[in-house]
J.: 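This is the structure, below, for whatever I ask next.
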Amino acid sequence: MLDLKFVRSNSDVVRDSLIRRGEGTDALDALLAADEKRREILVEVEELKRRRNQASEKVARLKRTGADASEIIDEMKGVSDHIRGFDEELAAVETSISELLLGIPNIPHESVPTGRDDSENVEVRRWGQPRAFEFEPKAHWDLGVALDILDFERASKITGARFAIYKGMGSRLVRALVNFMLDLHTAEHGYTEVFPPFLVNAASMVGTGQLPKFADDMFKCEGLDYYMVPTAEVPVTNMYRGEILDGACLPVKHVAYTACFRAEAGAAGRDTRGLIRQHQFDKVELVKFVRPDTSYDELERLVADAQSVLEILGLPYRVTKMCTGDVGFSAAKKYDLEVWMPSYGRYVEISSCSNFESFQARRADIKFRPAPGAKAEFVHTLNGSGLAVGRTIAALLENCQQPDGSIAIAKRLQPYMGGLEAIAI
RNA sequence: GGAGAGAUGGCUGAGUGGUCAAAAGCGCUCGCCUCGAAAGCGAGUGGGCGGGCAACCGCCCCGUGAGUUCGAAUCUCACUCUCUCCGCCA
C-alpha cells in the first residue's frame, strides 16, 4: 500500500508508475476524487465535534455547581444527529479509499526496466554451463516414476491433479533438501529459523498483498477466516504485524520451511506434467526486515544467498531482472533465479527475490525505532525463495541423470541422504 | 466443547458516565551533579488524520465492531484473543 499523502502530492509519479506497469489509471482518479471528498466532509464534521466537545465541557461545569444545563443539552441533541449523518458519509468514503488504495500496486524502483511482460525481463548473469548430454536425457517425471521415487497417478487418486507423492529416496530427498537449505541459511548466512503456521487469517493475507486482489490464487478453509499459505512469506512477514521493532535489532532475517498451497487458477493446461506446477509444494523462504536505506544492498545479498544453494548443488542458472510489466503487484524490484531444465530446454524459475520497500510494512503496520526516543518509521521488507524444493528436485533429477537412469547425488547432499552417492533402481 | 477471569501508552499498572491522552512506576531522551560512570535531582517523552506559509489549532484512538447518551476507557450487545479449571484429543 502506498502512503495516501504521497499519492495526493505525487499523483503524477503514481500515474506514471501505473502506465509503466501497463495498468489503467481509473482507480487512481477515483482515489484522488474520494480523498478530496473525504477532506471536505472531515472539515465540516470536525467543526461540529469541536462545538459538541465545548458544550460537553460546559455541561460538566454547570452540573458540578448544580446549575441547570438542559438548554445546552437540548441544543446538542440536534448537533449530535448532524454529526452521526456526517460520520456515516465519512465512513463510506473512507471504505472506498482504503479499497482503492489496497488495489494500487507498488511503484517500481528506477532501476527496473520498463516492459510489457516477461518477454522484456532483462538477463543479469549466468552461472554454470547447461550439460551437453552424450545420451538422450529424460524428463524428471519419467526418471522419477522409473526410479519409483515419484508417483503422480496415486496422488491424483487420493487427491487430484497437480499433486505428487514422493516415495522412498524421493521422500528422503525432500527431507534432505529442506534440511540442507535450512542449515546453510542459518549457519552460513545468518538467518534465524522459524516454523510458522501453515494457515493464516485474512488480515495476514492483506498485510503481504495477496488479498484483496488475488483471492482466486489461494485455498480458503470453508466457513473459516483461514487460508492455506501460498508461501512462508505470509506468516513470517506478518509475525511482526502491528509491532515496532527495536532499530538495534535490524536487520531481522528469518528462514522458514513451509508447504505452500496455490490454486493455480489461471494456469490451466500449463506445466501439466511433473513437479513444476503443483497445488502443494515445499519451499524454504528467506524473509528480511531492514532499514530503508539498506534495502537495495540487502536485496543483492538475498539473491546471493539464494544463488549459493544452486551453486553448491551444481545446478546451472541465470538471474533475470523483472521488468515493470512482470515485477508483481507488491514488489518495487524483483529478481528471478532460473535453473536450467533439460526437459524444457530452457531456464525455469526456481526463486523469486523481491524488495517491497515499505509497501508491505505499511499494509501490515511494521515499524522500527531508528534510535531510542526517535519517531518510528516503516521498515522495508524483502523475501526470496531459497529455494522451491519441488523444482529443485526436478532440476536435480534432470541435470544429474546418468545413462542408466540413476541420479548422482551432489556431495553436500550426501550426508543428508545417509551417505548415498546415487539414486538407482 | 463447558465454567470463570481478563484485554488500557515501549513495558508494568490505576482509572467504573463529564477538562482522562489517561495517575504512578519502569524504560527512554536532554540537562544538573561527577575526572568519568552509577545513584540522586530537574525537564521532556504515544499514534493517526485534517487545517495553516508558520507559530499553532482542531478531530479521532483505552482488543475489534455495533449500540445507549447532550457526553463513553467507564453502561449494553456481538465478536476476537489471552489466562485458569473441567472434558476430549495427536
Side-chain angles (χ1 to χ4, degrees), chain A residues 1-9 11 31-102 195-207 211 220-221 223-227 235 238-250 252 259 289 358 361-379:
Chain A
M1 178 168 72
L2 302 178
D3 179 13
L4 182 58
K5 276 185 279 191
F6 176 87
V7 176
R8 186 187 303 147
S9 49
S11 60
L31 176 63
L32 292 169
D35 176 52
E36 206 158 314
K37 173 89 176 157
R38 169 176 171 269
R39 280 178 299 153
E40 276 171 29
I41 299 170
L42 208 53
V43 169
E44 284 189 76
V45 74
E46 284 191 359
E47 168 61 19
L48 290 178
K49 285 182 178 174
R50 188 184 63 81
R51 276 174 53 196
R52 182 179 68 184
N53 287 345
Q54 286 181 342
S56 273
E57 227 173 279
K58 206 181 283 178
V59 169
R61 251 196 326 268
L62 289 171
K63 291 231 167 177
R64 257 199 307 277
T65 60
D68 177 48
S70 53
E71 196 182 319
I72 304 174
I73 289 174
D74 286 343
E75 194 190 325
M76 282 304 116
K77 281 181 183 169
V79 173
S80 279
D81 287 344
H82 235 101
I83 290 174
R84 233 186 303 278
F86 274 124
D87 270 343
E88 277 169 30
E89 225 180 305
L90 191 62
V93 175
E94 287 183 340
T95 301
S96 87
I97 286 176
S98 66
E99 279 169 6
L100 289 163
L101 202 53
L102 285 173
F195 190 72
F198 289 10
L199 296 178
V200 296
N201 55 34
S204 294
M205 286 292 199
V206 171
L211 283 181
K220 184 174 194 294
C221 297
L224 293 172
D225 183 40
Y226 290 159
Y227 297 81
N238 279 282
M239 276 171 65
Y240 302 111
R241 173 150 51 85
E243 296 190 24
I244 298 172
L245 305 174
D246 181 357
C249 298
L250 297 182
V252 171
F289 304 81
S358 58
R362 191 171 287 107
R363 285 173 164 248
D365 187 27
I366 305 168
K367 295 182 170 176
F368 76 104
R369 211 174 288 286
K375 191 175 153 70
E377 298 174 37
F378 289 112
V379 298

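No experiment lies behind these values; they were computed from the predicted model shown. Residue numbers begin at 1 in each chain, while the letters A, B, ... track the order of the sequences.
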J.: Quantified in whole Å, what is the P atom distance between nucleotide B:C26 and nucleotide B:A38?
T.: 16 Å
J.: In whole Å, what separates the C1' atom of B:A78 from that of B:A24?
T.: 35 Å
J.: Which whole number of Å gives the distance between the C1' atom of B:U64 and that of B:U82?
T.: 15 Å
J.: Looking only at side-chain N and O atoms, does A:Ser56 offer a donor or acceptor that is under 3.5 Å from a partner on A:Asn53?
T.: no
J.: Would you measure the distance from the P atom in B:C11 across to the matching atom in B:U16 and give it in whole Å?
T.: 23 Å
J.: Quick check on contacts: within residues 74-83 of chain A, what sits under 4.0 Å from RNA chain B by heavy-atom distance?
T.: A:Met76, A:Lys77, A:Ser80
J.: Sequence neighbours left out, what passes side chain to side chain contact (heavy atoms under 4.5 Å, CB included) with A:Phe195? Give chain and number order.
T.: A:Phe198, A:Tyr257
J.: Going 5' to 3' along nucleotides 43-66 of chain B, which nucleotides have protein heavy atoms under 4.0 Å from the base (write B), which only from the sugar-phosphate (write S), and which from neither (write -)?
T.: ----SSSSS------BBS------
J.: Given Watson-Crick or G-U pairs with both distances under 3.5 Å, what dot-bracket string fits RNA chain B, with | for other-strand pairs and [ ] for crossing?
T.: ((((((((.[[[..)..(.....]]]((((((.......))))))((((((....)))))).[[[[[..)....]]]]])))))))....
J.: Return the set of residues passing side chain to side chain contact (heavy atoms under 4.5 Å, CB included) with A:Pro370 (not counting sequence neighbours), or none when no residue passes.
T.: A:Arg291, A:Phe368, A:Ala374, A:Glu377
J.: Report the residues that fulfil side chain to side chain contact (heavy atoms under 4.5 Å, CB included) with A:Pro196, sequence neighbours left out, ordered by chain and then residue number.
T.: A:Val194, A:Pro235, A:Val236, A:Ala256, A:Thr258
J.: Who passes salt bridge (Lys or Arg N to Asp or Glu O under 4.0 Å) against A:Arg61, sequence neighbours left out?
T.: none
J.: According to salt bridge (Lys or Arg N to Asp or Glu O under 4.0 Å), who are the partners of A:Glu47, at least two apart in sequence or on a separate chain?
T.: A:Arg50
J.: Who are the side chain to side chain contact (heavy atoms under 4.5 Å, CB included) partners of A:Ala91, not counting sequence neighbours?
T.: none
J.: Looking only at heavy atoms, what is the nearest atom pair of A:Phe378 and A:Ser358, with distance?
T.: CB-CB, 4.0 Å
J.: May I have all residue pairs that pass salt bridge (Lys or Arg N to Asp or Glu O under 4.0 Å) and include part of residues 86-95 of chain A, sequence neighbours excluded?
T.: A:Lys37-A:Glu89, A:Arg38-A:Glu94, A:Lys49-A:Asp87
J.: Return the value, rounded to whole Å, for the distance between atom CG of A:Leu224 and atom C1' of B:U80.
T.: 14 Å
J.: Taking the same atom, C1', in B:G15 and in B:G6, what whole-Å distance lies between them?
T.: 16 Å
J.: Could you list the residues that satisfy salt bridge (Lys or Arg N to Asp or Glu O under 4.0 Å) with A:Arg84, not counting sequence neighbours?
T.: A:Asp81
J.: For A:Tyr240, check ring pair (Phe, Tyr, Trp, His ring centres under 6.0 Å) against everything at least two apart and list the hits.
T.: A:His254, A:Phe289
